[in-house]
Structure formats: C-alpha cells, structure tokens
Amino acid sequence: MTPRVRFAPAPTGFLHVGSARSALFNWLYARNTGGTMVLRVEDTDASKKTQEFVDAIVDPLQWLGLDWDEGPYFQSERLEQHAAAVQQLVDSGQAYFCDLSREEIDRKAEEAGLPPGYHGWSRDRGVSDGPGVVVRFRAPDEGSTVIDDVIRGRVEVKHATVEDFVIRRGDGSPVFLIANAVDDYEMGITHVIRGEDLLNTAPKVKLLWDALGYGEPPTYAHLPLLTNDQGKKLSKRRDSVALGAFRDEGYLPEAMVNYLALLGWGPADEVEVRPLAEIVELFSLEAVNKAPAMFDVKKLDHINGEYIKALSPTAFVAAAEPWLTGHDTPWAAGAYRPEVVEALAPEVQQRVVKLGEGTDWLRWLFEAPLDYDEKSWTKAMVKGRAADRVLDGVIEGLEKVDFEDPEAIEAVVMGVGNDLTSELETRVLSQAPVRVALTGGGAGIPLWRAMSLLGRNECLHRLRAARARLG
RNA sequence: GCCCCAUUCGUCCAGCGGCCUAGGACGCCGGCCUUUCACGCCGGUAACACGGGUUCGAAUCCCGUAUGGGGUGCCA
C-alpha cells in the first residue's frame, strides 16, 4: 500500500514555522516513499475559509517548494459526511446529547467533589437535540487505547482519563476530532504526521475511529515540538513564527527548508547543509527524535549564509532584488545599477547572512557618503600617518590611471603608501584614508573593482572632499 | 490537580550493548591568511540529568527520582 499523508493546517491567517516543519516532514515522507501528499485545510470553523486565509497557507508552502498531490480539500465542505458520522454514533448509542454549559459542568464537578471536567452528567438524562445542544462521545470507562507511534513508540491512555468529549458543537458544526477521523478514513490516509501537541488527541480520534467501525487506523508519528530559547513551545505571541516574516527578512527558501529538516532529524553521515533531493533520499520517520528542538536563529543564519555564498552572482542579484530596488532602499531610485551589484556580488555574498544586508555593503556605490563615521575618520585621517599626503598622492595618481583596470587602481593607491613608507621610514597605510573618503566608513568590500565601477570622476570628487575637510 | 511525553556539549544532530579516552555542526575562544571588513584554513572549549538494576560489558535495555515540556475548550 503506498503511503498517503496529509498536511492539515488550521487557517489562522499565516503559516507558523512549526506548521511548516510538519508540512515538510509529511512531504519528505511522501517523496521518500513515493507516496501521496494531501493538503487539507481544517476550517471546521467555516468563517475562516476565505481566499486570504487559504493563500496564507498555500503561498508559504509554495515558497518553500513543498508541493502536494491532492487538494486543498476543505473540512468545511465536508460537513455532511461529518454530520452523518455524528448521527451514526448517536444512533448506535455511542454518543449522546448534552445541554450543559461550561459553568454548569464546573459547578457540578465541584459539588460532587470530583476533579474539574465533564463526568458524563448527561449520559442518561435523555436530552434531545435542539439549539445549543452539543453531542458528546460516550468514552469507554474501562480499558485503554494504545497508539503505536512511529516516533514515540507505544503510548497508552486509560479510558478512565478520557472524558466524554464534544464531537458536535451547539451550533451543529463538527469538532475537529470527528472531522479528523472521518476525513482521514475517507481520504485513505495511512500516516498521520504532526506535532506532539496533538498527541493527546490521538486516542480520542482512535476511539471515534473504532466506534465508527473504520478498521485499521492510520500509523501515527508525532513530531517533537519546536521551542524558543527558553524551551517553550514556539508561540505566536512570544516568538517570531510566521514563515512569511522569514522570507521578508531575507532568508532563502532552500536554507529555511534545509534548517527545518535538521530540527528533530539528522542524516547519519552528519552532513547538514545539502540539497533537498538528498534529504528526501535519506529521510526516515523512524530516525526522527523524540525530544523538543530549539529553533536556533544563529544556526539558521549560518545555513542561510552558506546558501547565499553558493548563489551565482546573477541568482544573488535576482534574489536580493526586493531589497535593492524596493521603497526602502537607502539610495535614490535612479541611482541603482544592477550590473554594479552583479559585478561585486561575490564580495557581498561572503559578507551577508541575509539578503537584505547587501545594501549595507553597496550603499556607497550608489550614493556619496553623507558624513564620515567618526571613529573611522579619526583612525585613518587623524591618527593615520600622513593622511594628507596619501590623499594628495592618490588623487594625483588616479587622474591619469586607466580606470577600467582595478589592478592599476590598486597599484596607484598601494604605491603611494609604499613610497611614503620608504620616504618617511615609517609604515604608511594608504588604503584606510581612501576607504574612509570613498565610503565614509572603515570597513567594507575590496576597493579596487568597486572604484573602477564608481568611476574616476566620482572617486576624485569624494577624495577631494575628504582632503578639503582634512585641511 | 490530573493525563501524556521527553532528558547526549550553551544549541541542533550522530550514537541504536563492545569500534566511545562519546563524533559532526552552530556558537564562543585562540591562531594563520590579510595595508579594511569578511571569507577560508588550523586549533581549543564543552555533554551521556541522578540513583538503582540487567549484562562479561550500558550513552545505548529495565525501574525509580529529579527536571523540563505538552495537554487538560462547544481551538486545532
């Protein structure tokens, strides 16, 4: 039997990294086994089914490169099947109506001296259906349900600890537990791969599964949770978890997927950064860890940096385009020249960890420095030896050098430093003053090629401005 | 409270009874390269939670304890 897996997110308006990881592991399993991946939107709360909410799931998946073979299906479009299942359970006496509110349930528990929770109060009250009446599943009192989880092993839950849970709400809509059982059965799902936060619901779904007479249940695999640096489950409130936010911050989808695959799983050969195709080949559910994994942005950054370095200059320019030409670029729109970026891309790529950082290194090529970094100025111009003579010499030399030739430019600048070194019998560094004059700062990409691209006039202009300021 | 789950360097992963004086990666620290910053390279730091078993032999199996996490909704 070829595996059929499903990724079944609730439409919350964005895709959580934890969900993306679940999607990825489902996808890896499907692609590794030649199985089928089904996308199913768990919108039992039908108000969520708008195009916007669907896009919020679909777009990030596509960005990551995760595709699916069937769907998206919508639970909200399968209400009839869910209702039929509920009816079947009611008819067979395995479910019953209940009209108690939360407050009444709590009060009854307290009065009876029982722990909080629902204790089958309405089992034999003969409540009939009506507005606001829910349907509860009659959980067995004795025995236990066992979940054989590929990742966690055998998990046994005693029925005594399972209360008669709601399977249909007061407004008639199905709760995801019943929808899950019905949909997984009817869609022929063989493997349920999802987060550990759902482990506790597995026995309930299994109970429904059996009560409905569905036969062999799917195989379960509960993935370890993703946590923040405090060991707590990644949450929308505390942590940055929207996948789209990572895209906007300048992470490459390939890096994101690669990193996500490493959370809770690792290849036996210990090679971490590798193409998705290889991960697909090496992946196995049995090898997935049980312990929670911390989402470590530092490591994500490192992997992203690796992927950025591996990009061809053309690919880098294309990937970084939004940051280079968008509204937020630091330079005037007309100043941007893609050919300059492409020519300097290799130098930029080895210095950035996220796509958006490219502008920091390239800014001076499209805009003269507005002011000089104080520390850098002091170090190169004031404390630096003979900065005035360095600038004079460089300006003179640059006036007649072939500006198409970066090596010639280098020879001029370095030559000035070397000549002064022997003349003054003390080490004179000529690159630092030139860099400060040109870029405004003390650190950056190698100068020569960039200067050639900047052009003689602009270079001389900036050098003279700095020389004038030096006095 | 009750139920469920987990526990190898700070972090992620390898290890599935002897190959472990525990390996890789990130981070951190040091060095090399370098007339900037990086990249790269070299080296270092650092862990089997604890206590009992089982076994000739345990990081690996079993049982407790501790700690951490998840769940406990007419959310999924």
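Labels below follow one simple rule: chain letters A, B, ... track the order of the sequence lines, proteins then strands, and each chain is numbered from 1.
Of the two residues near RNA chain B, A:K309 and A:L262, the one whose nearest nucleotide lies more 5' is A:L262.
A:V192 and A:D184 make their closest contact through CG2-OD2, 3.8 Å (heavy atoms, listed as atom of the first residue, atom of the second, distance). Taking both residues in full, the closest heavy atoms of A:E196 and A:P224 are given as OE1-CA, 4.3 Å, listed atom of the first, atom of the second, then distance.
Counting non-hydrogen atoms under 4.0 angstrom, A:R102 reaches the backbone sugars and phosphates but no base. Using a 4.0 Å heavy-atom cutoff across all strands shown, A:T201 reaches at least one base atom of the nucleic acid. In this structure, A:G132 reaches the bases: a heavy-atom distance under 4.0 Å links it to at least one base atom across the strands shown. Counting non-hydrogen atoms under 4.0 angstrom, A:A261 reaches nothing in the nucleic acid.
For A:W265 and B:A25, the CH2 to P distance is 17 Å, given to the nearest whole Å. What separates CG of A:D301 from C1' of B:U11 is a distance of 14 Å, to the nearest Å. The distance from atom CH2 of A:W364 to atom C1' of B:C37 is 13 Å, rounded to the nearest whole Å. With rounding to whole Å, A:F97 atom CZ is found 15 Å from B:C74 atom C1'. Whole-Å rounding puts the A:M294 CE to B:G68 P distance at 18 Å. The distance between atom CG of A:L263 and atom P of B:U11, rounded to the nearest whole Å, is 13 Å. The interatomic distance linking A:L177 (CG) with B:G71 (P) rounds to 14 Å, in whole Å. Per the geometry, CG belonging to A:L282 stands 13 Å off C1' belonging to B:A14, to the nearest Å.
Phosphate contact (OP1/OP2 of B:G71, side-chain N/O of A:K233, threshold under 4.0 Å): present. Residue A:K299 places no side-chain N or O under 4.0 Å from the OP1 or OP2 atom of B:A25.
Using Watson-Crick or G-U wobble geometry with both donor-acceptor distances under 3.5 Å, B:U65 finds its partner in B:A49. Base-pair partner of B:C56: B:G18 (Watson-Crick or G-U wobble, both distances under 3.5 Å). Nucleotide B:G23: paired with B:C13 (Watson-Crick or G-U wobble, both distances less than 3.5 Å). The nucleotide B:C74 finds no pairing partner, because no Watson-Crick or G-U wobble arrangement with both distances shorter than 3.5 Å includes it. For B:G40, the paired nucleotide is B:C32, the pair qualifying as Watson-Crick or G-U wobble because both relevant distances are below 3.5 Å.
Under a 4.0 Å N-O distance rule, the pair A:R467/A:D392 qualifies as a salt bridge. Between A:E111 and A:R107, at least one side-chain nitrogen of the basic residue sits less than 4.0 Å from a carboxylate oxygen of the acidic one, meeting the salt-bridge criterion. The residues A:R389 and A:E396 are annotated as not salt-bridged, no charged nitrogen and carboxylate oxygen being separated by less than 4.0 angstrom. A salt bridge is defined here as a Lys NZ or Arg NE, NH1 or NH2 lying under 4.0 Å from an Asp or Glu carboxylate O, and A:E104 with A:R102 fails to meet this definition.
With P as the reference atom, B:A59 and B:G23 are 14 Å apart, rounded to whole Å. B:C50 and B:U36 have their P atoms separated by 48 Å, given to the nearest Å. Nucleotides B:G70 and B:A76 place their C1' atoms 14 Å apart, quoted to the nearest Å. B:G10 and B:C28 are spaced 9 Å apart, taking the C1' atom of each and rounding to whole Å. B:A58 and B:C63: their C1' atoms are spaced 15 Å apart (whole Å). Of the P atoms belonging to B:A14 and B:C9, the separation is 13 Å, rounded to the nearest Å.
By the salt bridge (Lys or Arg N to Asp or Glu O under 4.0 Å) test, A:D301 is found to be paired with no residue, residues two or more places apart in sequence or in another chain being considered. By the salt bridge (Lys or Arg N to Asp or Glu O under 4.0 Å) test, A:K206 pairs with no residue at all, sequence neighbours left out. When the salt bridge (Lys or Arg N to Asp or Glu O under 4.0 Å) test is applied to A:R78, the partners found at least two apart in sequence or on another chain are A:D183, A:E186. For A:D164, the salt bridge (Lys or Arg N to Asp or Glu O under 4.0 Å) test picks out A:R123, with sequence neighbours left out.
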What are the atom names and distances for every N/O pair under 3.5 Å that joins the protein to nucleotides 2-10 of chain B?
{"unit_1": "B:C5", "atom_1": "O2'", "unit_2": "A:R152", "atom_2": "NE", "d": "3.4"}
{"unit_1": "B:C5", "atom_1": "O2'", "unit_2": "A:R152", "atom_2": "NH2", "d": "2.9"}
{"unit_1": "B:C5", "atom_1": "O2'", "unit_2": "A:E196", "atom_2": "OE2", "d": "3.3"}

Expected rows: protein N/O vs nucleotides 32-36 of chain B N/O, under 3.5 Å:
{"unit_1": "B:U35", "atom_1": "O2'", "unit_2": "A:Q431", "atom_2": "NE2", "d": "3.3"}
{"unit_1": "B:U35", "atom_1": "O2", "unit_2": "A:S430", "atom_2": "N", "d": "3.3"}
{"unit_1": "B:U35", "atom_1": "O4", "unit_2": "A:M414", "atom_2": "O", "d": "3.0"}
{"unit_1": "B:U35", "atom_1": "O4", "unit_2": "A:N418", "atom_2": "ND2", "d": "3.2"}
{"unit_1": "B:U36", "atom_1": "O2'", "unit_2": "A:G442", "atom_2": "O", "d": "2.6"}
{"unit_1": "B:U36", "atom_1": "O2", "unit_2": "A:R435", "atom_2": "NE", "d": "3.2"}
{"unit_1": "B:U36", "atom_1": "O2", "unit_2": "A:R435", "atom_2": "NH1", "d": "3.4"}
{"unit_1": "B:U36", "atom_1": "O2", "unit_2": "A:R435", "atom_2": "NH2", "d": "3.3"}
{"unit_1": "B:U36", "atom_1": "O2", "unit_2": "A:G444", "atom_2": "N", "d": "2.7"}
{"unit_1": "B:U36", "atom_1": "O2", "unit_2": "A:G444", "atom_2": "O", "d": "2.9"}
{"unit_1": "B:U36", "atom_1": "N3", "unit_2": "A:R435", "atom_2": "NH2", "d": "2.9"}
{"unit_1": "B:U36", "atom_1": "N3", "unit_2": "A:G444", "atom_2": "O", "d": "2.7"}

Can you check nucleotides 42-47 of chain B for protein contacts, nitrogen or oxygen pairs under 3.5 Å, and list what you find?
none

Using a cutoff of under 3.5 Å, can you pull out all pairs of nitrogen or oxygen atoms linking the protein to nucleotides 65-67 of chain B, with atom names and distances?
none

Heteroatom pairs (N/O) under 3.5 angstrom, protein to nucleotides 19-22 of chain B:
none

(message) Could you go through A:R274 and A:E272, starting from their C-alpha distance and side-chain angles, then the distance that decides it, and tell me whether this counts as salt bridge (charged side-chain N to carboxylate O under 4.0 Å, His left out)?
(response) CA-CA 6 Å; A:R274 67 199 315 163; A:E272 297 185 320; over 6 Å; no
(request) Give the C-alpha distance, both sets of side-chain angles, the deciding distance and a yes or no for side chain to side chain contact (heavy atoms under 4.5 Å, CB included) between A:L28 and A:N32. (result) CA-CA 6 Å; A:L28 287 172; A:N32 172 269; 5.8 Å; no
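Using a 3.5 Å distance cut-off with no hydrogens or angles, the side chains of A:N258 and A:Y307 do pair a donor with an acceptor. With 3.5 Å as the limit, one finds a donor-acceptor pair spanning the side chains of A:N180 and A:E42. Checking A:S122 against A:R125 by side-chain atom types alone, a donor-acceptor pair falls below 3.5 Å. Neither side chain, A:S173 nor A:R168, offers a donor N or O lying under 3.5 Å from an acceptor on the other.
Listed by residue number, the members of residues 133-149 of chain A with any heavy atom below 4.0 angstrom from RNA chain B are A:V134, A:R136.
Pairs engaging residues 133-177 of chain A under the ring pair (Phe, Tyr, Trp, His ring centres under 6.0 Å) rule: A:F137-A:F165 [sequence neighbours left out]. Applying the salt bridge (Lys or Arg N to Asp or Glu O under 4.0 Å) rule to pairs touching residues 280-290 of chain A yields nothing, sequence neighbours excluded.
For the pair A:R469 and A:W377, the cation-pi test (distance below 6.0 Å, angle within 45°) is passed.
Between B:G27, B:C13, B:G24, one nucleotide has an atom nearer to the side chain of A:K298 than all others, and that is B:G27.
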